[in-house]
Amino acid sequence: MPQEYNPSEIEVSVQANWQKTEIFKAVEDSAKEKFYCLEMFPYPSGKLHMGHVRNYTIGDVISRYQRMLGKNVMHPIGWDSFGLPAENAAIQNNTAPAAWTDDNIAEMRGQLKRLGFSYDWSRELTTCKPDYYKWEQWFFTKLYERGLVYKKESEVNWDPVDQTVLANEQVIDGRGWRSGALVEKKKIPQWFIKITDYAEELLSGLDDLDGWPDSVKTMQRNWIGKSVGAEVEFEVEGGDNLRVFTTRPDTLMGVTYLAVASDHPLAVQASEASGEIAAFRKECAQSSTAEADMETMEKRGISLGITAKHPMTGDQIPVWCANFVLMTYGTGAVMAVPAHDQRDYEFASKYAIDIKAVIYPADGELDISQAAFTDLGVLKNSAEFDGQTSDQAKVSITAWLEKNNLGEQQINYRLRDWGVSRQRYWGCPIPFIYDADGNPTPATEFPVELPTDVVMDGVGSPIKKMSSFIDTVHPITGEAAQRETDTFDTFFESSWYYARYCCPGLDTDMLDQRANYWLPVDQYVGGIEHAVMHLLYARFFHKLMRDVGLIESDEPFTRLLTQGMVTAETYFRIADDGKRSFYNPKDVEVALDDKGKPAGATLISDGQAVESGGIEKMSKSKNNGVDPQSMIDKYGADTVRLFTMFAAPPEQSLEWNDDAIAGGSRFLRRVWSLFDKHSEALAAVKLKPMIELDGINPAAKALRLITHTIIQRVLFDFERQQFNTVVAAAMELTNAVEKANFAQMGDHGDAVLSEVCHALVKILAPITPHLCEYLWSLYGTEQSLEDSGWISVDESALVKDEITYVVQVNGKLRAKLEVAASATKPEVEALAMADENVVRFLEGLTVRKVIVVPQRLINIVAN
RNA sequence: GCCCGGGUGGCGAAAUUGGUAGACGCAACGGACUUAAAAUCCGUCGGGGGCAACCCCUUGCCGGUUCAAGUCCGGCCCCGGGCACCA
């Protein structure tokens, strides 16, 4: 073997061999246990960024590990290629989104191949191509037939200057990003899918997802937001009765006002007679639709000047309009109990509305002089319900409402139906056709193809003016008709791509039986930012596909790994106009003080100071991205892969560090020279198993103990997917081999060498597969590394003659003892008591208790 | 504002899940090799005290449980992710 490790040479030739042998092509085989490993597919934004590299390396390590365990692994890749950035880039570069997208895919595909990921490229899919999206169009019409799709008015961010709908991302401080105009909420008709019909199953299904992180399951539970309470009816004179949902019917007697959303029918009605109310409603409309904005704005309201009849007391109570009541949750109206709800308390205090206490703590005094009492308690001032606990009263008051026909028990979900309409061009056309009266009917021919030869003007979707697209024939009447010009939310494509990977090339159906072989996905890997929306939509879609009869399983993803983001230091200067301009870390030199702490940074090009802006997620806006390509060119794919695995555990954020990756390269060179040094011995001894253990040389025995202790840790770490410590273990093993003197190990030297090097290649194989392929070839076996099986622990190698005991006095470390493994508990205790330092610390004290943790620790408690 | 995470040396981190805090690596410093540099190799490396054996302090902050807390419980502070049209 050559003395120098030349990664690019090895990597290119190993990759060519993988391609030639089609080793990663996945074929259905009922005789083998399948393993479907999937990473969230990329949006083709231009070039790979470090987040991609991390995501796909994690997935590749898992895929290769599972393959070595002997499973039939399917590992596909594709492109989530509809979306907003393509439209923006098209405008900027004076091109069409399709061409820009295709170029990016070609570029990024090349980068993924260069990194040596074990993809089955024959399954590659691209969501913006008609052969993919025609099936979601077809599927949407199936859902329509089943009554799961409907159209209703819904709010969007409206830019009144550009006359266009804006994404939340395009609203900055309440203004349109291009026009700078104050954004308004506007209602337009949009398509919805009834995800709320599946709320209960989406919630209960989480209980069985043992392979998902608890944090993600909790987030989804909270997002679905099931609450049990009551709907209560308040009679409004001369108007429709007002129904409200409450989780606290026990506080009913404490209601002192009602509040409705600004677009509630009662508020709309009241605004017709009052300019003040109309103005308030207009103000409420002047904000983005984002919930974070709604929740953080000042809580304000206005009295509607009308009253409603309290169902129990018959009192007339005022009805207000408030900016914090959401039309989309519950009934768009709430009953307010200022004494027992903090938000109502603040609102009532601000507008001098009555506060009436009805719940008292079971013991102690009620104090609502500063804040509401929101705990459960005992009822007072509640007529016949006085003395009941909150829990009792929730039941009895609900029963009373039901008996008097004034309300009933109700389960409410925070989850809202999924609005899938987008007024954008670069998306999948929604397959509906409107007759002359505007009545929709589903398309019957698929695909409804998106015209790709378009010019983007920066305002609005080009197909909304394109008669060649819009004008069509009604599928039933044959009369002139018009196509829907809205497109699907891009979450639509990403909700079912994992199933389509199972059926490449299928042109007669959305899915076939192959989907049932591969699904569910055994391991899904992706960013934590997708914890709720994408993962919830995909779970929902899976159940829809099941109910349409396309697949048999209930959940799409058995095990989920949510990776952390990739971050880097940011550097900037503030210009005279107050704007920050950011400089890439590679263009900045950091000075260190004598402790090695950063002390000031300068721009290399002009030698002038730049300010440090702290660690942030790699992004274009902060200009702190590191181009993976430059790292691959410099160090090779294996080093980049090794570093991304070593720098942090997968679920934590990973801070990029140029120096640290050089350390990864250094390690691989050390592994290389280690094999170089022993290549002749390895070729001669091949895979000689360790059999003769009796009378084994102590040096050989010691190295075997290290080897198998490390194997044991590595097996554990691969299973729990903590790959940074796998790399650390490989480094420790390398250190041990470097120090070992095999010549002194007598007859066992070669066999121990073969065993330890074999372990090292196997441990690193999923992480640095190119290098390991090469090293594996030194063993001269016929089998490919991928098919050569996995490693196991030889328990007999783990047997120790001596054990180190830690001796504590009152919990503080005072001594360490080397004790024969056969020593009994009293013997160990006696040895501990006799230790010089222990004796010193026990002087003048009485021993009260001695705690012995076998094989590990002794704690002497004395005073 | 609400929901979910995270905080350990100069830095990235580890701690077999309540039992030796800092494995492994980066940076830094000292040395070897070299005409020199790179590369490589050897050594030191949380803070403080001590000639030394050793001792004291230290896992964001405050309090608690325990023989024993980075790990469990309660309260705070700071940072990040998500909040339904970025993907």
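Proteins get letters first, then strands, A, B, ... in listed order; numbering begins at 1 in each. Any value given below was found using the heavy atoms of this structure, including those in side chains, with hydrogens, waters and symmetry copies removed.
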If you restrict it to nitrogen or oxygen atoms, what contacts under 3.5 Å exist between nucleotides 50-54 of chain B and the protein, and what is each distance?
unit_1 : atom_1 : unit_2   : atom_2 : d
B:C54  : O2'    : A:Arg840 : NH2    : 3.3

Under 3.5 Å, which protein N or O atoms sit close to an N or O of nucleotides 69-72 of chain B? Give each pair with its distance.
none

Any protein N or O atoms within reach of nucleotides 19-21 of chain B? Criterion: under 3.5 Å, listing atom names and distances.
unit_1 : atom_1 : unit_2   : atom_2 : d
B:G19  : N2     : A:Asn859 : ND2    : 3.4
B:U20  : O2     : A:Lys816 : NZ     : 2.6

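Taking the syn range as angles within 90° of 0, the glycosidic angle of B:G43 is outside it, so the base is anti.
When the P atom is used for both B:G70 and B:G22, the distance is 12 Å, rounded to whole Å. B:U20 and B:A68: their C1' atoms are spaced 12 Å apart (whole Å). For the P atom pair drawn from B:U40 and B:G46, the interatomic distance equals 24 Å after rounding to whole Å. Separating the C1' atom of B:C33 from that of B:A39 is a span of 11 Å, rounded to the nearest Å. Distance noted for atom P between B:A23 and B:G18: 22 Å (whole Å). Distance noted for atom C1' between B:C55 and B:G50: 8 Å (whole Å). Nucleotides B:C61 and B:U8 place their C1' atoms 15 Å apart, quoted to the nearest Å. Of the C1' atoms belonging to B:C29 and B:G10, the separation is 13 Å, rounded to the nearest Å.
A close approach under 4.0 Å does not occur between any side-chain nitrogen or oxygen of A:Arg666 and OP1 or OP2 of B:C41.
Both A:Glu732 and A:Ala648 lie close to RNA chain B; mapped to their nearest nucleotides by heavy-atom distance, the more 5′-ward contact belongs to A:Ala648.
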